Amino acid sequence: MGHGHGHSHALNEEPASQRVRTLLMWLLVPLALATIVGAALLYPFGHEQKTGAEIGLHQTPVEAVVTGLAQNCGEKCVAVTVQMEDGAASGQSITIPSVKGPGAPSFQIGDEVVLSYAGSQPQAAESYQIVDFQRGWSLAVLALLFAAAVLLLGRWQGLAALGALLLSFVVLVLFVMPSILAGENPLMVAVVGAGLIMFMVLYLTHGISARTSTAVLGTLVSLALIGVLGALFSAASRLTGLDEDTTNLVTLLGTDIDTRGLLLAGTLIGALGVLDDVTVTQTSAVWELRRANDELTWRELFAAGSRIGRDHMSSVVNTLVMAYAGAALPLLLAISLAGRSMGEILTSQQIAQEIVRTLVGSIGLVAAIPVTTALAALIAVRQEVAPIAQPMSQQAPEPEPEPEPKTVKRAAKPVKPEKPRPARIEGDLFTGYDPDKGPWERPSEPRARRAAPARPAPPARRRSSGSP
């Protein structure tokens, strides 16, 4: 069924152009209307489904706890004492014999078991039989761990994936199962139910966008192809779809159920989850190729997307084959011990229906790659592409402005303080002159010249003796 997977298909793209929206509307709206109309026609309005008691199922489950074990009922038998926790004889203890040996369940004191009550005497041990263990708490813990892991990794998208998974179960329980039990064609019910699941799951987990719409288109076309091929080859192989469980169901219901269609319905529903993975991956691949090079033509986009899909194809086919082989492993072991040839084993009813189921589902998965790639290329070439926003770490750095030429500044020499110039001397050098005293007058001779001590006359030169 549809699931929220771990691929990072980030569909945070630019808004679709008007051409893309128009194209998707013409392609998707008719399929959506056909799915809704098919669901309305196939749903059993007014049909009252018979209860288990009305169809002969008188087994009533009763919960109990093992309180004692005894080896007094035979060599291959063990007496199990249980105390009932609900039912008409709640609180009472009874002893029930159980088979002991290889393949039989082993009990311990304190085990929580389920009894089957099919009698009219609630206190009689003969009215009860141990049929199963209670495992509700272990499954609840596992479900909580699964939900925690999805939320821890996916966060809000993980929450959307859990909601989509819940919606898938709602469609199966409230539409697929009631319609098949009411006698509708199981194959048609499975096709319509798968369409409902795909519309809800893909849009809820991946958002409403051109990519998601393309993936929905590819998924619905592939589902229709699986249905057509399954109907053709199951008829050509004369498969009846009748095994032990199906025979018991038809006998209890007493209605005409197409067991071959029931086989194909299981094939269709089993391929849903893998189809989701294939279509979303191919659509995202084509979209990213288009954003990386918006000059690619339709043919170039289809060729490049197909090359990517080839690597994915081998893994998904192997996944589907191994899933069916694992489910049929006990049957394979049982048939291999029958001493039959390989050809007889492969063409037997039980193995042949598994082969048809596996190969038809694988063909649908392989076809989903070119179908989805072609649709994605057809729509992507009409999409107005926005430039890819690169993270800050990958963006080219802006050119830095050229640095201005640096001038080396030398340390300025310390300026020596200028010595004060002597004032200009005006006037007589001997007496001085003060402009405030009025105009300058030459002083008188005796005042100007002061008496100076007489200097002795220099001695006369002595002539040499040779002079006359």
Side-chain angles (χ1 to χ4, degrees), residues 1-16 20-21 24 27-29 31-32 35-36 39 142-176 190-223 226 268-288 291 305 308-309 312 315-316 319-320 323 364-365 368-369 371-373 375-376 379-380 383:
M1 70 184 61
H3 67 286
H5 47 80
H7 293 285
S8 181
H9 304 304
L11 304 185
N12 300 325
E13 56 173 324
E14 65 277 359
V20 171
R21 288 196 297 267
L24 288 175
L27 293 175
L28 199 58
V29 169
L31 293 176
T35 302
I36 296 174
L142 181 59
L144 289 176
L145 289 177
F146 167 72
V150 172
L151 292 175
L152 182 63
L153 181 62
R155 299 186 181 180
W156 287 110
Q157 190 171 4
L159 182 62
L162 292 177
L165 183 62
L166 180 60
L167 287 177
S168 300
F169 279 109
V170 169
V171 172
L172 290 176
V173 174
L174 298 184
F175 171 72
V176 175
V191 171
V192 174
L196 291 175
I197 291 174
M198 282 297 97
F199 276 107
M200 293 187 297
V201 168
L202 286 178
Y203 281 121
L204 180 60
T205 55
H206 301 292
I208 300 176
S209 65
R211 292 194 195 187
T212 308
S213 300
T214 307
V216 170
L217 283 172
T219 303
L220 293 176
V221 172
S222 302
L223 287 174
I226 292 176
L268 207 63
I269 294 174
L272 275 179
V274 188
L275 275 176
D276 178 359
D277 184 29
V278 171
T279 55
V280 173
T281 301
Q282 286 302 114
T283 303
S284 296
V286 172
W287 235 261
E288 293 304 324
R291 294 184 68 185
I308 297 174
H312 200 195
S315 62
V316 296
T319 299
L320 190 62
L365 290 176
I369 293 176
V371 168
T372 307
T373 305
L375 289 172
I379 296 173
Q383 175 70 50

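Computed from a predicted structure; not experimentally measured.
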Practice problem: Evaluate the side chain to side chain contact (heavy atoms under 4.5 Å, CB included) criterion for residues Val278 and Thr372: first the C-alpha distance (whole Å), next the side-chain angles of each, then the deciding distance (0.1 Å), finally the verdict. | Solution: CA-CA 9 Å; Val278 171; Thr372 307; 5.6 Å; no
Quiz item: For the side chain to side chain contact (heavy atoms under 4.5 Å, CB included) test, which of Thr212, Val371, Thr283, Leu375 pairs with Leu217?
Solution: Leu375
If you take all heavy atoms of [X] and [Y], which pair is closest and at what distance?
X: Leu272; Y: Ala194; result: CD2-CB, 3.5 Å
X: Ser213; Y: Tyr203; result: OG-OH, 2.9 Å
X: Ala376; Y: Trp287; result: O-CZ3, 3.8 Å
X: Leu220; Y: Gly195; result: CD2-CA, 3.6 Å
X: Ser168; Y: Val201; result: OG-CG2, 3.3 Å
X: Ser222; Y: Gly218; result: OG-O, 2.8 Å

Any heavy-atom pair between the side chains of [Y] and [X] that's under 4.5 Å?
X: Val286; Y: Thr214; answer: no
X: Met198; Y: Thr35; answer: no
X: Ile197; Y: Phe175; answer: no

Quiz item: Step by step, would you call Val150 with Leu165 a side chain to side chain contact (heavy atoms under 4.5 Å, CB included)?
Solution: CA-CA 12 Å; Val150 172; Leu165 183 62; over 6 Å; no
Exercise. Could you tell me whether the side chains of Thr279 and Thr219 share a donor-acceptor contact shorter than 3.5 Å?
Key: yes
Exercise. Report the C-alpha distance between Leu268 and Leu223 in whole Å, list the side-chain angles of each, state the deciding distance to 0.1 Å, and finish with yes or no for side chain to side chain contact (heavy atoms under 4.5 Å, CB included).
Key: CA-CA 7 Å; Leu268 207 63; Leu223 287 174; 4.0 Å; yes
Practice problem: Go through His206 and Val216 one step at a time and tell me if the side chain to side chain contact (heavy atoms under 4.5 Å, CB included) criterion holds. | Solution: CA-CA 11 Å; His206 301 292; Val216 170; over 6 Å; no
